[in-house]
Amino acid sequence: MNQLAIMGAIEQGLLFGILALGVYLTFRILNVPDLTVDGSFALGGAIAAKFIIDGTNPFLATLLAFIVGGLAGAFTGVLHTKGKINALLAGILTMIALYSINLRVMGKANLPLLREDTLFTYVKDMGIPNLAVGGVTLLSGVAIVFIVGVMVLKLIIDWFLHTDMGLDLRATGDNSKMIRSFGVNTDSTTIIGLALSNGLVALAGAWVAQYQGFADVGMGIGMIVIGLASVIVGEVLFGSSSIFRVTLAVILGSIVYRLVIAIALDQGLNPSDMKLITALIVIFALTVPTVAKGIWKKQAVRTARGGSSDA
Amino acid sequence: MLNITNVNKVFNAGTVNEKIALRNVNLHVKKGEFITVIGSNGAGKSTMMNMISGGLTPDEGSIKIDGKDVTRLAEHQRAGLIGRVFQDPMAGTAPNMTIEENLAIALGRGKRRTLGFGVNNQKRELFREQLKQLDQGLENRLKTKVGFLSGGQRQALSLLMATFTEPKILLLDEHTAALDPKRAQLIVELTEKIVERYKLTTIMVTHNMEQALNMGNRLLMLHDGGIILDIPDEKKRTMKPQDLLRAFETARGGESFSEDRFLLT
């Protein structure tokens with residue numbers, strides 16, 4: 001596999017790591033499966049592209065994407081908590097509504113960002129050299145900037161999850177009955193969690209649109225599964241013993257996911273096969289621990305039977 | 001401290017499954033009273049506890065805590081006044097969070113949440129001091145996830161979390177029922193120690209007659225949605241489980257107290 005493909009995979013993995021952080025917040029912290037993600041990712045891309053083309057500063061446009069994505073998440077949260085709609089359905093409803101909204105925002109199905117100043121052109125203009133050891137390029141200059149940006153976001157999330165409000169959010173997903181008995185409105189914490197999560201997802205969408213040079217109305221399709229793949233693969237490979245560790249793990253999971261995809265492409269699979277590959281990765285990562293546990297348990301029973309009779 | 005006035009609650013009103021859970025319940029609890037509540041299944045004990053905590057709203061009547069009308073307040077809005085320990089040791093704590101994080105949530109009971117650190121060194125000092133009185137060695141395991149603790153330890157921690165902010169009312173909902181006898185005894189002792197220390201106004205539901213007689217300073221018996229016996233401290237001290245059964249039969253006009261769980265314990 002060529003170096004360029006690997007470097008590209010790492011850059012993408014870092015950007016999609018932000019998506020993974022967002023999915024982690026709902027899927028693991030709030031314990032709510034949120035399908036808004038597919039819509040809010042494209043929403044982030046659409047908002048950023050539209051405002052950049054209209055001459056807004058790319059930083060501001062990206063921030064706007066974060067805020068609007070947060071609103072979309074809050075909408076799902078209100079549907080779920082106040083409207084008492086099942087979480088999966090609430091997410092699907094927002095997602096499908098966003099498809100039309102995204103088209104409205106963009107005015108057409110695809111917005112190219114050619115010759116526009118974007119965060120990505122800024123990063124390239126910084127001219128940071130590639131990191132090479134012994135003639136082998138390990139990281140592109142762009143990836144180094146991405147690492148810094150993604151780590152800053154990660155640390156902000158780590159901090160937030162350790163504040164009073166963050167503890168409430170975590171307890172809402174962990175034991176909602178308990179946290180209500182301590183005076184926390186779990187409706188509010190759920191809405192805040194969904195807003196923050198979709199804000200991050202939209203931020204990822206905004207960055208990805210600028211990185212790939214266009215926003216597309218279909219760019220969000222399958223993002224929830226990619227996010228889940230990153231979270232699950234990250235947790236399995238890099239552990240989840242503490243918040244600090246698991247937020248790092250999901251970002252690394254995202255990079256691993258991109259590398260796997262790069263390898264699959266290198267082996268001659270079509271880009272259109274990638275959704276299938278993604279689904280298979282998630283199915284594999286979800287079932288293997290369960291199956292392995294079953295085998296382990298059977299072995300334990302067998303050992304106990306063979307070992308001593310007082311079991 | 002707690003005034004329950006003319007509270008009625010009917011479940012599934014107007015259907016074949018209609019169930020009168022509470023009928024015209026009046027209860028006035030003075031500050032510092034420790035009430036034990038017994039009654040057979042379906043007597044209305046849990047409904048009464050949920051009315052006080054806000055999990056359920058009465059159809060009629062009012063509930064006041066410390067002079068404040070809380071009848072229509074949601075559970076989380078009145079949580080600042082009430083500490084609660086559930087029967088299930090898993091229910092009162094968040095398993096994937098550490099001991100210190102659980103205590104930080106308890107410390108914030110009913111207060112406004114901020115973006116300050118949930119746990120800091122000053123709070124840690126307080127938590128250590130509080131955990132010491134449990135005698136479980138938990139003061140040295142602040143960073144352990146609560147899910148790793150035993151049922152007894154979790155219930156001890158739940159009790160501490162419910163009480164150390166000195167709520168106006170402490171609700172104990174059969175909080176020793178799911179534990180083995182030795183652990184249950186430990187929790188009973190801790191409960192008495194903590195209630196005594198903070199002079200907490202307490203309502204404890206139990207299925208254990210001995211426990212109901214030995215603990216607290218007032219005993220209520222519920223039956224069929226009403227309070228049928230209200231036994232003051234002086235009288236309670238002299239009673240034995242058999243006396244309670246007899247008192248029940250007298251109150252019900254000959255109907256015998258039929259519940260296996262009572263007779264066995």
Side-chain angles (χ1 to χ4, degrees), chain A residues 24-32 70 77 81-82 84 153 155-193 195-196 199 231 235 239-247 249-250, chain B residues 49-50 52-55 73-98 100-120 123 143-148 154 157-158 161-162 165 167 170-171 173:
Chain A
Y24 165 74
L25 280 184
T26 46
F27 187 62
R28 285 290 192 234
I29 296 287
L30 276 183
N31 211 1
V32 171
T81 58
K82 307 293 178 190
K84 309 276 179 225
L153 273 177
L155 291 173
I156 291 174
I157 291 168
D158 288 345
W159 163 79
F160 174 73
L161 290 175
H162 285 94
T163 63
D164 271 336
M165 210 183 270
L167 291 183
D168 291 350
L169 207 75
R170 287 161 60 197
T172 301
D174 207 11
N175 187 344
S176 60
K177 184 177 176 186
M178 167 260 189
I179 190 72
R180 267 196 300 276
S181 83
F182 286 109
V184 172
N185 184 346
T186 48
D187 286 1
S188 309
T189 47
T190 304
I191 294 169
I192 291 171
L196 188 61
V231 170
E235 282 181 346
S240 57
S241 55
S242 67
I243 295 283
F244 185 85
R245 182 155 175 188
V246 75
T247 49
V250 302
Chain B
M49 296 295 259
N50 282 326
I52 300 169
S53 71
L73 290 187
E75 188 176 359
H76 67 87
Q77 288 169 316
R78 61 173 95 167
L81 305 168
I82 300 166
R84 193 169 188 197
V85 184
F86 303 96
Q87 176 177 358
D88 178 2
M90 308 298 144
T93 45
N96 289 313
M97 298 173 71
T98 61
E100 61 180 18
E101 286 168 343
N102 270 277
L103 283 162
I105 287 171
L107 187 64
R109 173 206 297 287
K111 286 186 202 146
R112 240 192 120 68
R113 300 317 210 257
T114 64
L115 288 176
F117 268 108
V119 182
N120 55 34
K123 287 184 192 174
K143 294 196 191 298
T144 303
K145 283 187 184 173
V146 171
F148 291 119
R154 280 184 77 165
L157 181 62
S158 301
M161 285 166 62
T165 50
L170 174 62
L171 300 178
D173 203 345

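Order of the sequence lines sets the chain letters (A, B, ...), proteins ahead of strands, with each chain counted from 1. The analysis underlying the following values was restricted to heavy atoms, covering all of them including side chains, and did not include hydrogens, waters or symmetry mates.
Of the N and O atoms on the side chains of B:Arg84 and B:Ser53, at least one donor lies less than 3.5 Å from an acceptor on the other residue. A donor-acceptor pair shorter than 3.5 Å cannot be found between the side chains of B:Thr93 and B:Asn102.
For the pair B:Arg109 (side chain) and B:Ala162 (backbone), a donor-acceptor distance under 3.5 Å is present.
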Inset, instruction - List the steps and the verdict of salt bridge (charged side-chain N to carboxylate O under 4.0 Å, His left out) for B:Glu101 and B:Lys145. - result: CA-CA 9 Å; B:Glu101 286 168 343; B:Lys145 283 187 184 173; over 6 Å; no
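We find the CE-CZ distance between B:Met49 and B:Phe86 to be 10.0 Å, quoted to the nearest 0.5 Å.
Neither the backbone nor the side chain of B:Gln77 comes within contact range of chain A, judged by heavy atoms closer than 4.5 Å. Of the two parts of A:Ile243, neither the backbone nor the side chain holds a non-hydrogen atom closer than 4.5 Å to a non-hydrogen atom of chain B. Proximity to chain A (any heavy atom under 4.5 Å) is restricted, for B:Met90, to the backbone atoms N, CA, C and O. Contact annotation for B:Ile82: only backbone heavy atoms (N, CA, C, O) come within less than 4.5 Å of a heavy atom of chain A. Contacts between A:Ser240 and chain B at a heavy-atom distance below 4.5 Å involve the backbone alone (N, CA, C, O). Within the 4.5 angstrom heavy-atom criterion, no atom of B:Thr98 approaches chain A. Proximity to chain A (any heavy atom under 4.5 Å) is shown, for B:Lys143, by neither the backbone nor the side chain.
With chain A as partner, the option from B:Gly54, B:Gly83, B:Gly92 having the largest number of non-hydrogen pairs under 4.5 angstrom is B:Gly92. Among the candidates B:Pro95, B:Ala104, B:Gly108, the residue making the largest number of heavy-atom pairs closer than 4.5 Å to chain A is B:Pro95.
A salt bridge is absent between B:Glu100 and B:Lys123; no separation between the charged side-chain nitrogens and carboxylate oxygens falls under 4.0 Å.
Of the options A:Thr186, A:Ile192, A:Thr189, A:Thr163, a side-chain contact (heavy atoms from CB on, under 4.5 Å) to A:Asp168 is made by A:Thr189 and by none of the others.
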